[in-house]
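Reading through the structure tokens given below for one structure.
All chains are named by letter (A, B, ...) in the order of the sequence lines, taking the proteins before the strands, and each is independently numbered beginning at 1.
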Amino acid sequence: MQEVRFLGRGGQGAVIAAELLAQAAFLDGKIPQSFPFFGVERRGAPVTAYARVSSEPIEVRGSIATPDAVVVLDRGLLRFAGATDGLRENGWVLVNAPASVQAFAAPAGIRLASVDAARIAVDHHLGSPTLPIVNTAILGALARVTGIVSLDALERAIAAAVPRKPQENRAAARAGFEEVRPLTDPRSRLPLPPPRPRRELPLPEGPLALRSSEEILTASWRSLRPQIDLSRCTRCNFCWKYCPDVAITLDAEGYPKLEEEHCKGCGICAEVCPPKTIAMVAEA
Amino acid sequence: MARLTIPKEELLRPGHAACPGCGPALAVRLLLKGLGARTIVSIPASCWTVIAGTYPSSALGVPVLDTPIESTGASISGLRAAADALGLEGLTVVGLAGDGGTADIGLQALSGMLERRTDAIYVMYDNEAYMNTGIQRSGATPLGAWTTTTPVSASARGKAEPKKDVMSIVLAHRPAYAATANPSFPEDLVAKAEKARAVHGARFLHLFTPCPPGWKFDSADSVAMGRLATETGLFPLYEVEDGRLKITRRYSRLKPVGEYLSRQGRYSHLTPQEVDAVQAEVLRGWVGLLRREAEAGPAHDAPSASLLTR
Ligand SMILES: Cc1ncc(C[n+]2csc(CCOP(=O)(O)OP(=O)(O)O)c2C)c(N)n1
Ligand code: SF4
Ligand code: SF4
């Protein structure tokens, strides 16, 4: 049995990717399974989905702790601990990244590959340049490096199950299959992010929810971050006033401060700032 | 440093589970600044259930009651009765429901609460569809808007029916206070929340809350979208106190509705003729509002005795 974990963001198509992989495996005569992790499906929020492919009936249910491959639709998610946890010896980490990016946080003893699925998607008019739909391109790449499904079955699954632009999606899968690059240079491995310290708090005894959502760090939802040029700030406090995530506070002098751990990168602050001192810049 | 125009205290906490750029999240952040910490909120199934989070953690610095979707109005009547029985003083009881949970599923309970003159504030945050379950049309979805249940195809043009006028239904119950507000105008929203808190009796707030994924626009434009809705006259800001209607943001000229509609994917199929039809409807609504404001004497002022037969 082969097990695959997909990591993406809401809106990128990670759940559909897992489903398409399962359908292709079925067309190959295998027994598949696929399902998403049940969590918030908000645009930008990290989304995890799973697929299992076997030649025997699959008895296990539940999430995949020790995958054979981790498919990363948004490489920003490798900034956070846990992305590649449990990956098996010699397993694959396949990352959607432009050719210019050559190194990724990955554990030792695994195989690494990347494919510019975003560019392939844009070339095939899938999604928009800011939100390309990368799932079919990266599935082509996965088929190539792991051999988990045949390209032919993948194309047939796409043709049968993708309602919009099936031809473009098939072509994107073929391009992903052709263009995927294994990264064998040891310098392509960066150290893993440090594990996040776990704060074990006692459960409240009464009926009240005593713990604050502040423990939940929503920084992982963000692919753009606001950069505030304080030298031009007029202290109008608009950014503070309009942030839906309470991610900007004001210091004693009235200057804004970004609360890094919670900002979701929506871009409202940059948009409402009258002197335009806030720029949204790419993470990682 | 510019003076703060709204209270500094935050009763919405970071780490909540709203989408980036969520209008309902910003609206409630501002709402609670006006209502203050001695508030208890009843929330029916909606995006806001998810935003507030799962036990044992909460994104709100005030107590929350999770309520079935149809019973927000009944639940706040019950909370008020319980607070009174316990002798709790100075407590503001609030129901916070989406437009689906208000205009459709919870309409009966809302009507009951208003008719009983429950001493509570019912807040409808209007993102114009059932968003938490993936963008299904509600009674409050506007004419022409795409949703997953009002598709756009060769034979369908989005929602075929106009938006349900919840405010008129509410006003027919003669509430103590009712107002529209919009988080793109924070001072106005906070002022109305403060005013609603100070009044006793049944109160209602209709909050206009843009939803980037549901309306298909970029999260950065959430505040701009709210501003345009009011500046075009599509969502006028007003309040009704003891039956007297007062516009709280007045414009001598309105922006064309096209500026608002053209920035949202849910309206991208509209033809110039369809935009013109929306424009005509908006102007009719605005003129009607001006007229109602001018008729300062409310319908339920003491009727003149000369109307009676002798
Ligand atoms: C009786 C009942 N029917 C359906 C549901 C499923 N449900 C959960 S949230 C939701 C959407 C509510 O929409 P709305 O009130 O507009 O709030 P929004 O999600 O847009 O914030 C629905 C239909 C439910 N919880 N209870
Ligand atoms: S981008 Fe700006 S407005 Fe949006 S969550 Fe981050 S700090 Fe708040
Ligand atoms: S779907 Fe819309 S209303 Fe619901 S959390 Fe997301 S932005 Fe807010």
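With values rounded to the nearest 0.5 angstrom, Arg29(B) atom CZ is found 9.5 Å from Asp245(A) atom CG. Note that NZ of Lys264(A) is 7.5 Å distant from SG of Cys19(B), once rounded to the nearest 0.5 Å.
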Exercise for the section: Show your working on side-chain contact (heavy atoms from CB on, under 4.5 Å) between Glu10(B) and Thr249(A) and close with a plain yes or no. Expected result: CA-CA 10 Å; Glu10(B) 303 286 359; Thr249(A) 51; over 6 Å; no

Practice task
Begin with the C-alpha distance, continue with both residues' side-chain angles, and end with the deciding distance and a verdict on side-chain contact (heavy atoms from CB on, under 4.5 Å) for Glu271(A) and Val223(B).
Solution key: CA-CA 8 Å; Glu271(A) 206 46 47; Val223(B) 167; over 6 Å; no

Problem - Verdict with reasoning, Arg13(B) to His262(A), per side-chain contact (heavy atoms from CB on, under 4.5 Å) - result: CA-CA 10 Å; Arg13(B) 298 160 173 167; His262(A) 293 108; over 6 Å; no

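The shortest heavy-atom contact between Tyr242(A) and Ser184(B) is OH-O, 3.3 Å. Minimum interatomic distance between Leu250(A) and Leu4(B) (heavy atoms only, all atoms of both residues): CD1-CD2, 3.7 Å. For the pair Trp221(A) and Pro20(B), the tightest heavy-atom approach, listed with the atom from each and the gap, is CE3-CD, 4.0 Å.
Using a 4.5 Å cut-off between heavy atoms, Lys33(B) touches chain A through its side chain atoms alone. With a threshold of 4.5 angstrom between heavy atoms, Ala224(B) does not approach chain A through any atom at all. Contact annotation for Ser213(A): both backbone and side-chain heavy atoms come within less than 4.5 Å of a heavy atom of chain B. Within the 4.5 angstrom heavy-atom criterion, only backbone atoms of Pro183(B) (N, CA, C, O) approach chain A.
With chain A as partner, the option from Ser222(B), Ser219(B), Ala27(B) having the largest number of non-hydrogen pairs under 4.5 angstrom is Ser219(B). Note: Cys266(A) leads Gly267(A), Gly10(A), Cys266(A) in heavy-atom pairs under 4.5 Å with chain B.
Counted by atom type alone, Thr5(B) and Lys241(A) present one or more donor-acceptor pairs between their side chains at under 3.5 Å.
Using a 4.5 Å cut-off between non-hydrogen atoms, no part of residues 89-101 of chain B approaches chain A.
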